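Report on the following structure.
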Amino acid sequence: MNAVDHSIRPLCFSHVDLPREFFGGVPIHSGEGVSASPMIYVLLSGQDDDGTVHHYLVDAGFHHEKWFHRFGFYDWESPETVLEKVGVQPSDIEKVFLTHMHFDHANNVRAFPDADVYVQWEEYQGWLKALAVPDLYTPLGEESWITSSFDRDDARVFGELARDHRLKFLGDDEELVPGIRGHLSKDGHTFGTQWISVDTSNGPYVVAGDAVMWYSNVEEMWPSGYTNGNTYNMLLTYGQIYEYLHGEVDRIVPGHDTLVFDRHPSWKVGPNEVAEVHVAKWDTSRRPAG
C-alpha cells in the first residue's frame, strides 16, 4: 500500500438550514440567522505498490425518511449518485470509518454491503447505555435530547454487523489502514467521537467529522452549540487537532462547513458539491472537463 499518499474527497450528499449557533456556538454566533450547511462524507483512496486501488469512506450519511422531515433536509442524493461523481460505486468501498454514531453520519451503513464498519468502542458502548436510560430522561420520546440525533433502529443494524463479523471496534490512536488512524475524543461531541488523520505526499490532513463542525470552532476555539457530549472536551479536541496539524487549519475537513468547498478545489454535479482536498500523486483529478 502506498501508505503516505491518499486522495481526500469530501462529498456533499444533502443540505440543511439551521441557526448558525448550532454549528458555530452559543452565544458567539447567536442572532446571526440561519445558514445552509452541507451534509458530508469523505472518500479516501489509496494505492498498493502493485497498482491496486482501495477506497474507504469516512462516515456513511443517512437514509431514513423520518430524519428528512424532522430537520427539513433537502438536495438529498443516494450514495450511488454521489460516488458516481468521482467514478466510484458503493460496492467499491472496502471500509467505513465512522467518526460517531449520530444518524447523519452512521444511519446509511447498509448502503455499503461489502464494507467493514469501524467505530470507537467508547462510542458504541456509550450509545447502548444511553438507550437504556429511564423514561424520566426521554419525555419527548425519540425527539428527547439524548436521542435527538440517534436512530434507535441503528442499534439493531450495528448488532447485525457484529453478527456478520463486519463491525470493528477501535481504541485511541489505532491504525485503520497504513497511513490512516483513528483518534479518540472521549466524551467530546459524543461518547467516543473520533477524528481521522490521513497521511499524504503533501503532509497530514484530518477528517474531523463533528469533532470539528465548522472551521470557526478551531479558529475561534469555541465549541458548537449542539452536542451530546462535553463541550470542554470538545475544546480540548480542537487544540489537539490544531497542534497535530501545526496550526494549518485548512488541513481539516470539518463535518458541516460549506467553506471546505471554498478553501479547496471544488465543483457541483447536480445540487451538491464535491471537493478535492488532496489528489495523490498516483491519482488524477475527477473534476469534469470544462
Side-chain angles (χ1 to χ4, degrees), residues 14-40 59-74 76 98-110 117 119-162 167 169 184-194 209-214 217 222-237 255-256:
S14 187
H15 291 91
V16 67
D17 297 336
L18 287 172
R20 290 185 60 81
E21 62 261 34
F22 186 96
F23 300 109
V26 177
I28 189 171
H29 290 286
S30 297
E32 294 182 350
V34 171
S35 65
S37 290
M39 314 304 288
I40 295 171
D59 292 329
F62 67 91
H63 73 90
H64 202 299
E65 287 188 1
K66 75 180 180 184
W67 297 109
F68 287 81
H69 301 307
R70 186 177 299 180
F71 289 102
F73 293 102
Y74 57 95
W76 186 88
L98 294 179
T99 58
H100 61 300
M101 292 174 65
H102 276 165
F103 78 93
D104 55 317
H105 296 258
N107 181 243
N108 209 15
V109 290
R110 286 189 292 187
V117 177
V119 66
Q120 288 283 331
W121 171 242
E122 296 281 352
E123 177 75 355
Y124 185 76
Q125 70 170 350
W127 281 111
L128 292 184
K129 291 178 181 178
L131 294 180
V133 298
D135 292 345
L136 167 67
Y137 298 102
T138 55
L140 305 179
E142 287 191 348
E143 296 187 32
S144 299
W145 175 78
I146 192 61
T147 51
S148 55
S149 290
F150 185 84
D151 195 322
R152 286 181 177 270
D153 290 339
D154 285 347
R156 174 178 52 80
V157 172
F158 277 80
E160 293 170 354
L161 289 171
L167 185 61
F169 294 120
L184 175 64
S185 174
K186 181 176 172 59
D187 294 326
H189 177 67
T190 56
F191 305 102
T193 293
Q194 66 177 338
D210 287 358
V212 179
M213 285 189 168
W214 278 2
N217 298 144
W222 200 285
S224 63
Y226 179 81
T227 177
N228 282 134
N230 182 307
T231 50
Y232 181 72
N233 287 342
M234 292 165 63
L235 181 72
L236 296 182
T237 297
H256 298 284

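Residues take their numbers from the sequence shown, with the count starting at 1. Values in this document were obtained by computation on a predicted structure and should not be read as measured data.
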Open item on the list: Students often mix this up, so state it plainly: with edges at 30° and 60°, are the rings of His189 and His102 parallel, tilted or perpendicular?
Closed with: perpendicular
Task: Minimum side-chain heavy-atom gap Met39-His15 below 4.5 Å - done: no
Open item on the list: I'd like to know whether Ser35 forms a side-chain contact (heavy atoms from CB on, under 4.5 Å) with Trp214, so could you lay out the CA-CA distance, the side-chain angles of the two residues, the decisive distance to 0.1 Å, and finally the verdict.
Closed with: CA-CA 12 Å; Ser35 65; Trp214 278 2; 3.8 Å; yes
Open item on the list: Let me confirm one number: the OG-CZ distance from Ser224 to Arg20, rounded to the nearest 0.5 Å.
Closed with: 13.5 Å
Task: Least distance between heavy atoms, Ala60 atom then Asn108 atom - done: O-CB, 3.3 Å
Open item on the list: Could you walk me through whether Phe150 and Leu131 satisfy the side-chain contact (heavy atoms from CB on, under 4.5 Å) test, starting with their C-alpha distance in whole Å, then the side-chain angles of each, then the deciding distance to 0.1 Å, before giving a yes or no?
Closed with: CA-CA 9 Å; Phe150 185 84; Leu131 294 180; 3.7 Å; yes
TODO: Grab the two heavy atoms, one from Thr237 and one from Ala211, that are nearest each other, plus how far apart they are.
DONE: CG2-CB, 4.2 Å
TODO: Compare every heavy atom of Phe191 with every heavy atom of Ala130, then report the nearest pair and how far apart it is.
DONE: CB-CZ, 3.8 Å
- [ ] For a side chain to side chain contact (heavy atoms under 4.5 Å, CB included) with Trp67, tell me which candidate from His63, His69, Arg70 qualifies.
- [x] Arg70
Open item on the list: Any side-chain to backbone donor/acceptor pair from Asn233 onto Asp187? Under 3.5 Å, distance only.
Closed with: yes
- [ ] Mark yes or no for whether Asp153, through its side chain, and Asn107, through its backbone, hold a donor-acceptor pair below 3.5 Å.
- [x] no
TODO: Kindly indicate, with the supporting measurements, whether the criterion side-chain contact (heavy atoms from CB on, under 4.5 Å) is fulfilled by Ile146 and Thr138.
DONE: CA-CA 7 Å; Ile146 192 61; Thr138 55; 3.8 Å; yes
Task: Heavy-atom pair with the smallest gap, counting every atom of Tyr124 and Leu167 - done: CE1-CD2, 4.0 Å
- [ ] Looking only at non-hydrogen atoms, find the nearest pair between Glu21 and His29 and report the distance.
- [x] OE1-O, 3.4 Å
Open item on the list: Quick one: does any side-chain atom of Thr147 pair with a main-chain N or O of Glu142 as donor and acceptor, under 3.5 Å?
Closed with: yes
Task: N/O donor-acceptor pair under 3.5 Å between Glu123 side chain and Met101 backbone - done: yes
- [ ] Rounded to the nearest 0.5 Å, what's the gap from CG on Asp104 to CZ on Phe73? Could you check?
- [x] 6.0 Å
Open item on the list: Using 0.5 Å steps for rounding, measure from the CG atom of Asn217 to the CG atom of Asp210.
Closed with: 9.5 Å
TODO: Look at the aromatic rings of Trp76 and Phe62 and report parallel, tilted or perpendicular, splitting at 30° and 60°.
DONE: tilted
TODO: Without swapping roles, check the side chain of Gln194 against the backbone of Leu98 for a donor-acceptor pair under 3.5 Å.
DONE: yes
Task: Inter-residue atom distance Leu236.CG - Ser185.OG, 0.5 Å rounding - done: 8.5 Å
- [ ] List the steps and the verdict of side chain to side chain donor-acceptor pair (under 3.5 Å) for Thr99 and Asp59.
- [x] CA-CA 6 Å; Thr99 58; Asp59 292 329; 2.9 Å; yes
Open item on the list: Using the rule given for side-chain contact (heavy atoms from CB on, under 4.5 Å), can you reason through Phe22 versus Ser37, listing the C-alpha separation, both sets of side-chain angles and the distance that settles it, and then say yes or no?
Closed with: CA-CA 10 Å; Phe22 186 96; Ser37 290; over 6 Å; no
Task: NE2 on His100 to CD on Gln120, rounded to 0.5 Å - done: 13.0 Å
Open item on the list: I need the Arg152 CZ to Trp127 CH2 distance, nearest 0.5 Å.
Closed with: 10.0 Å
Task: Minimum heavy-atom distance between Ser144 and Pro139, given as atom pair plus value - done: OG-N, 3.3 Å
Open item on the list: Please check this pair: side chain of Trp222 against backbone of Val26, looking for a donor-acceptor N/O pair closer than 3.5 Å.
Closed with: yes
Open item on the list: Would you say Tyr74 and Asp17 are linked by a side-chain donor-acceptor pair, where the criterion is simply a distance under 3.5 Å?
Closed with: yes
